[in-house]
Q: 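One structure follows; several queries about it will come next.
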Amino acid sequence: MSGDHGRGDSQVNSGSKGSESHKHKDKHKEKEHKHKDHKKDKEREKLKHCNSEHKEYSEKKHKDKQKLRHSDGSSDKHREKHKDKDKEKRKEDKSLSSHSNRTKKEKENGYVRERSPAAIKSEPEDDNGFYLSPKHNKATKPAVYRFEYKPKKVKVEHDKKAKKRKHEYEDDEEDEYTKHKKKTKDKKATEGKKAKKEDEEKWKWWEEERYTDGSKWRFLEHKGPVFAPPYEPLPDKVKFYYDRKAMKLSAPAEEVATFFAKMLDHEYTTKDIFRKNFYKDWRKEMTSEEKSVITDLNKCDFREMSEYFKAQSEARKQMSKEEKQKIKEENERILQEYGFCIMDNHKERIGNFRIEPPGLFRGRGDHPKMGMLKRRIRPEDIIINCSKDSKQPKPPPGTKWKEVRHDNKVTWLVSWTENIQGSIKYIMLNPSSRIKGEKDWQKYETARRLKKCVDRIRSQYRDDWKSKEMRIRQRAVALYFIDKLALRAGNEKEEGETADTVGCCSLRVEHIKLYPKMDEQEYVVEFDFLGKDSIRYYNKIPVEKRVFKNLQLFLENKQPEDDLFDRLNTSILNKHLQELMDGLTAKVFRTYNASITLQQQLKELTCPEDSIPAKILSYNRANRAVAILCNHQRAPPKTFEKSMQNLQTKIDEKQKQLSAARKQLKAAKADHKASHDEKSKKAVEVKRKAVQRIEEQLMKLQVQATDREENKQIALGTSKLNYLDPRISVAWCKKWAIPIEKIYNKTQREKFAWAIDMAEKDYEF
DNA sequence: AGATCTACTTAGCATAGAAGCA
DNA sequence: TGCTTCTATGCTAAGTAGATCT
């Protein structure tokens, strides 16, 4: 296990660290005058956090906010002004500051979407174990690649070549690749043309050549997207009221109003920004008459509309079986017609063939654009991508596509530009498709190549901590964080366009705190920031002295809102990584560390003599270690406490049952001792079996309870789907005779079909 | 050399549908 | 069988990263 971090079995932990962070956060807030209206969100947060500490925190936050409110009866305008001033000031600061010449981000979030107080245990690490490993230094060897990165003219890899590669490359997986090819060669010859169904489903694309010229396909045919159903005006009986008076809205204005009405139960319809954005966009849809009447959102009453939609969804639930069946069939028909495409002789499932319906935008976290109208996409907005020689999809009658192009250097079938951020959205294939699968496989191969040179890279960045050049030190410390803590790269973001979140390279001074000494530990760094999706990252970890000293240096003469790594960005970092290993980028470290952690944890946690459920618990624990590493959190399910209680009741009952059964067994034994006849002997056996059965059931329940408790606010799915080399899991299943269905559900099995087919029990990541 | 654009992966959440239970 | 609870799936936002433009 070379280059392994030796991560312990980090467990969920909501101890004192959490409260520390909260205090910190609170101070933070007051200092920065963050006082946006996020009462409702906090309430939601409160619900999410079941531990009392969190409640305390939320309440305190709430009080703080109230205080602030009182101190300045802040109107929106006031706040805006304040913000602008702040912005300007910062701009000036920046131009004066010699070390920071990059765009600075406005820190304006009051709403913090953080969850677990401290999900991550900082493990005191043996740094020697960390950096040195027996398999060391293949640095001098020319790198060997499974996939070509800068493909030249060669179009398709042919068998011969693949075989030749087998000798050239020592990659285990390479052997398998060729092996498979041989095995299926005969079969393939008889296959001939494509008989649609069964052969298609079983198509093993991983046994075929890949394109190496950068093209993604030769032939592509599809039916185009499915548009959102047109707006159906409300029945006349459902009224909208303005200033208590019923008012009939024009269809466009009414439609947008219904979007708001549908969200009425959500707390964000009470947020200032949301309301402001919504109102602004709504007015654009109004007739001039409506505009003159409706001048204040607060006087709008959407409740009747809201009730109507609730009743509708209730009615949908109450529909008869036949009606439901009919809808199901219709959906199936649409799926069959639009849900598949033909790509290079194979029918492939499309991932998202429906165009996103119009509605109100709700970004995650404290998003400046929340509430804006996401407009309806029309055929005129749509770019179709397909091959020239295919049957082109027809736009709906009386409409035209924006463009039809034939670009086989990309994988998307349909695209359009979305109006909130102006970004492009795509329709692409399902994860089970060849095109996605190959890429996924390739991703893990890159991570495996990193495994081979990670020791070298680690020793290099450690050397770089001593560099004379600031930029190199910064790069080295950032890389250390990315490697050790699995932080994301942290691209720059356009200020004011999105929620204020950061990754490694975009960390600011205010996101870390240094403690030369904390409790028993020396050189502790405390991280507290909002990452992707505004999920809070909170962690305290001891670092090496040199890292600590460097951080102190980076912090010198900086304001809280200045960049920690002012001489670094993701592009610089990735360019450097590219030089260290072909195909290496910051995110590869996440993949690598996730997968290697799973493999190592599985080795450590699986007991050969355990039952299958116990082994699965071990698997989930290994999976959990990764999820914690990658900070994959989730809101504790709304019914968590209750379902936990139910489970406990069941366990108690089972326990009673067990002791009763044991008593009976004892009695039967005594009986047998006395009588020594066949009948009593049989009775003993029967009772013994009963005890055994109940014991097993109890065990299963207990395992389930543990698993669930530990999983309260950790999401396993993301890492399973995106970070863990599926071959590790498949190999583990094969080794311990665990049915693969216990680990991967149907969708996951489809996505990982390649891994399930090719990984043997001795697979090593 | 930074800004912008493009393509693609990764992310959490809502909800539909399946499974379990009284 | 009808209700509750759990799980799978769909949805789409939010990242990463490379290419291209200025």
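Lettering of chains follows the sequences in order, A, B, ..., and the numbering in each one begins at 1.
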Q: Compare every heavy atom of Asp213(A) with every heavy atom of Lys409(A), then report the nearest pair and how far apart it is.
A: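 That would be CE-O, 4.3 Å.
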
Q: I want to verify a distance call: between dG18(C), dC8(B), dA18(B), whose nearest atom is closest to the Val410(A) side chain?
A: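 Nearest to the side chain of Val410(A) among the choices is dC8(B).
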
Q: Whether the Arg624(A) and Ser719(A) side chains hold a donor-acceptor pair (N or O, under 3.5 Å, no angle test) is what I'd like checked.
A: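 Checked: Arg624(A)/Ser719(A) side chains show no N/O donor-acceptor pair below 3.5 Å.
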
Q: Are the aromatic rings of Tyr268(A) and Phe274(A) close, with centres under 6.0 Å apart?
A: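 Between Phe274(A) and Tyr268(A), which both carry aromatic rings, the centre distance is below 6.0 Å.
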
Q: Checking all strands, does Ala499(A) fall into the base, sugar-phosphate, or nothing category for heavy-atom contacts under 4.0 angstrom?
A: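 It contacts nothing in the nucleic acid.
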
Q: Is any side-chain N or O of Lys443(A) closer than 4.0 Å to OP1 or OP2 of dT10(B)?
A: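 Result: yes.
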
Q: If the cut-off is 4.0 Å, is Thr411(A) near the phosphate of dC8(B), judged by side-chain N/O to OP1 or OP2?
A: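 For dC8(B), OP1 or OP2 has a side-chain N or O of Thr411(A) closer than 4.0 Å.
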
Q: With heavy atoms under 4.0 Å as the rule, sort Lys720(A) into base, sugar-phosphate or nothing.
A: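 No contact.
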
Q: Parallel, tilted or perpendicular: which one describes the rings of Phe481(A) and Phe527(A), with boundaries at 30° and 60°?
A: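 Ring orientation, 0 to 90° scale: perpendicular.
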
Q: Has Lys587(A) got a side-chain N or O lying under 4.0 Å from the OP1 or OP2 atom of dT9(B)?
A: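 No.
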
Q: Counting only side-chain N and O atoms of Lys328(A), is one of them less than 4.0 Å from OP1 or OP2 of dA16(B)?
A: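 Answer is no, no contact under 4.0 Å.
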
Q: Could you pick out which residue, Lys436(A) or Thr718(A), lies toward the 5' side of DNA chain B when each is mapped onto its nearest nucleotide?
A: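 This one resolves to Lys436(A).
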
Q: Base, sugar-phosphate alone, or nothing: which one does Gly351(A) contact when heavy atoms must sit under 4.0 Å apart?
A: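 It contacts nothing in the nucleic acid.
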
Q: dA11(B) C1' sits how many Å from Gln633(A) CD, rounded?
A: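 The answer, rounded to whole Å, is 12 Å.
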
Q: If the cut-off is 4.0 Å, is Lys575(A) near the phosphate of dG18(C), judged by side-chain N/O to OP1 or OP2?
A: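 No, because none of the side-chain N or O atoms of Lys575(A) sits under 4.0 Å from OP1 or OP2 of dG18(C).
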
Q: Is any side-chain nitrogen or oxygen of Asn574(A) closer than 4.0 Å to OP1 or OP2 of dA17(C)?
A: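 Yes, such a contact exists.
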
Q: Rounded to the nearest angstrom, tell me the gap between atom CG in Asp533(A) and atom C1' in dA13(C).
A: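 Checked: the CG to C1' distance equals 7 Å.
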
Q: For DNA chain C, whose closest nucleotide is more 5', that of Val588(A) or that of Asn352(A)?
A: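 With Val588(A) and Asn352(A) compared, the 5'-side residue is Asn352(A).
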
Q: Of all the choices, dA7(B), dT10(B), dA17(C), which nucleotide is nearest to the side chain of Tyr723(A) once you look at every atom?
A: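 The nucleotide sitting nearest to the side chain is dT10(B).
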
Q: Closest nucleotide of DNA chain B for Asp407(A) versus for Arg488(A): which of these residues is on the 5' side?
A: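 Looking at the nearest nucleotide for each, Asp407(A) comes out on the 5' side.
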
Q: For dA14(C), does either OP1 or OP2 sit under 4.0 Å from a side-chain N or O belonging to Gln421(A)?
A: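 For Gln421(A), the contact criterion (side-chain N or O under 4.0 Å from OP1 or OP2 of dA14(C)) is met.
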
Q: Please report, rounded to the nearest Å, how far the P atom of dT10(B) is from the CZ atom of Arg590(A).
A: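 Arg590(A) atom CZ is separated from dT10(B) atom P by 9 Å.
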
Q: Please tell me which of the listed nucleotides, dT5(C), dA17(C), dA7(B), lies nearest to the side chain of Ser643(A)?
A: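 The nucleotide sitting nearest to the side chain is dT5(C).
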
Q: Given dT9(B), is OP1 or OP2 found less than 4.0 Å from the side-chain N or O atoms of Asn722(A)?
A: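 Answer no for this pair, as no side-chain N or O of Asn722(A) is under 4.0 Å from OP1 or OP2.
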
Q: Would you please test Glu330(A) and Arg333(A) for salt bridge (charged side-chain N to carboxylate O under 4.0 Å, His left out) and show each step?
A: CA-CA 5 Å; Glu330(A) 173 62 10; Arg333(A) 195 188 61 75; 3.0 Å; yes

Q: Side-chain N or O of Arg349(A) less than 4.0 angstrom from OP1 or OP2 on dG10(C)?
A: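 Yes, Arg349(A) has a side-chain N/O under 4.0 Å of OP1/OP2 on dG10(C).
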
Q: May I ask you to evaluate whether His367(A) reaches the phosphate of dA13(C), defined as a side-chain N or O under 4.0 Å from OP1 or OP2?
A: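 Checking dA13(C) against His367(A), no side-chain N or O comes under 4.0 Å of OP1 or OP2.
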
Q: Determine: side-chain N/O of Lys216(A) to OP1/OP2 of dC8(B), distance under 4.0 Å, yes or no.
A: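 Checking Lys216(A) against dC8(B): at least one side-chain N or O falls below 4.0 Å of OP1 or OP2.
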
Q: Separation of Met644(A) atom CE from dC6(C) atom P, in whole Å?
A: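 The distance from CE of Met644(A) to P of dC6(C) comes to 10 Å, rounded to the nearest Å.
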
Q: Separation of Lys742(A) atom NZ from dT7(C) atom P, in whole Å?
A: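 Distance, rounded to whole Å: 12 Å.
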
Q: Does any donor atom in the side chain of Asn745(A) or Glu741(A) lie under 3.5 Å from an acceptor atom in the other side chain?
A: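 No pair is found: no donor N or O on one side chain lies under 3.5 Å from an acceptor on the other.
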
Q: Look at the side chain of Lys532(A) and the base of dT10(B), then say whether one donor and one acceptor between them are separated by less than 3.5 Å.
A: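 A donor-acceptor contact between them is present.
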
Q: Within the structure, does a side-chain N or O atom of Arg708(A) lie under 4.0 Å from either OP1 or OP2 of dC6(C)?
A: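 Checking Arg708(A) against dC6(C): at least one side-chain N or O falls below 4.0 Å of OP1 or OP2.
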
Q: Give a yes-or-no answer on whether the side chains of Lys493(A) and Thr501(A) include a donor-acceptor pair shorter than 3.5 Å.
A: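 On atom types as modelled, these side chains qualify, holding a pair under 3.5 Å.
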
Q: Is Lys262(A) close enough and on-axis enough to Phe309(A), meaning under 6.0 Å and within 45°, for cation-pi?
A: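 Yes, a cation-pi geometry.
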
Q: Return the value, rounded to whole Å, for the distance between atom CD1 of Ile424(A) and atom P of dC8(B).
A: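 The distance from CD1 of Ile424(A) to P of dC8(B) comes to 11 Å, rounded to the nearest Å.
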
Q: Taking OP1 and OP2 of dC21(B), is either one under 4.0 Å from a side-chain nitrogen or oxygen of Lys650(A)?
A: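 Checking Lys650(A) against dC21(B): at least one side-chain N or O falls below 4.0 Å of OP1 or OP2.
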
Q: Between Thr498(A) and dA13(C), is there a contact of a side-chain N or O with OP1 or OP2 at under 4.0 Å?
A: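 No, because none of the side-chain N or O atoms of Thr498(A) sits under 4.0 Å from OP1 or OP2 of dA13(C).
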
Q: So which nucleotide from dA14(C), dT5(C), dA17(C) ends up closest to the side chain of Arg364(A)?
A: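 The listed nucleotide nearest to Arg364(A)'s side chain is dA14(C).
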
Q: Side chain of Ala489(A) only, heavy atoms from C-beta on: which candidate in dT16(C), dC6(C), dA11(B) is closest?
A: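 Nearest nucleotide to the side chain: dT16(C).
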
Q: How many whole angstroms separate atom NE2 of His632(A) from atom C1' of dT9(B)?
A: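 The distance from NE2 of His632(A) to C1' of dT9(B) comes to 12 Å, rounded to the nearest Å.
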
Q: Between Leu530(A) (CG) and dA14(C) (P), how many Å, whole number?
A: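 Value for this atom pair: 13 Å.
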
Q: Answer with base, sugar-phosphate or nothing: what part of the nucleic acid does Gly503(A) contact at a heavy-atom distance below 4.0 Å?
A: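 No contact at all - Gly503(A) keeps every heavy atom at 4.0 Å or more from the nucleic acid.
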
Q: Let me spell it out: for each of Lys642(A) and Leu584(A), pick the nucleotide of DNA chain C with the closest heavy atom. Which residue's pick is nearer the 5' end?
A: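 Counting from the 5' end, the first nearest nucleotide belongs to Lys642(A).
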
Q: If you look at every strand shown and take non-hydrogen atoms under 4.0 Å, does Pro431(A) touch a base, only sugar-phosphate, or nothing?
A: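 Result for Pro431(A) = nothing.
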
Q: From dC8(B), dA11(B), dA17(C), pick the nucleotide closest to the side chain of Tyr426(A)?
A: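 Taking heavy atoms from C-beta onward, the closest nucleotide is dC8(B).
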
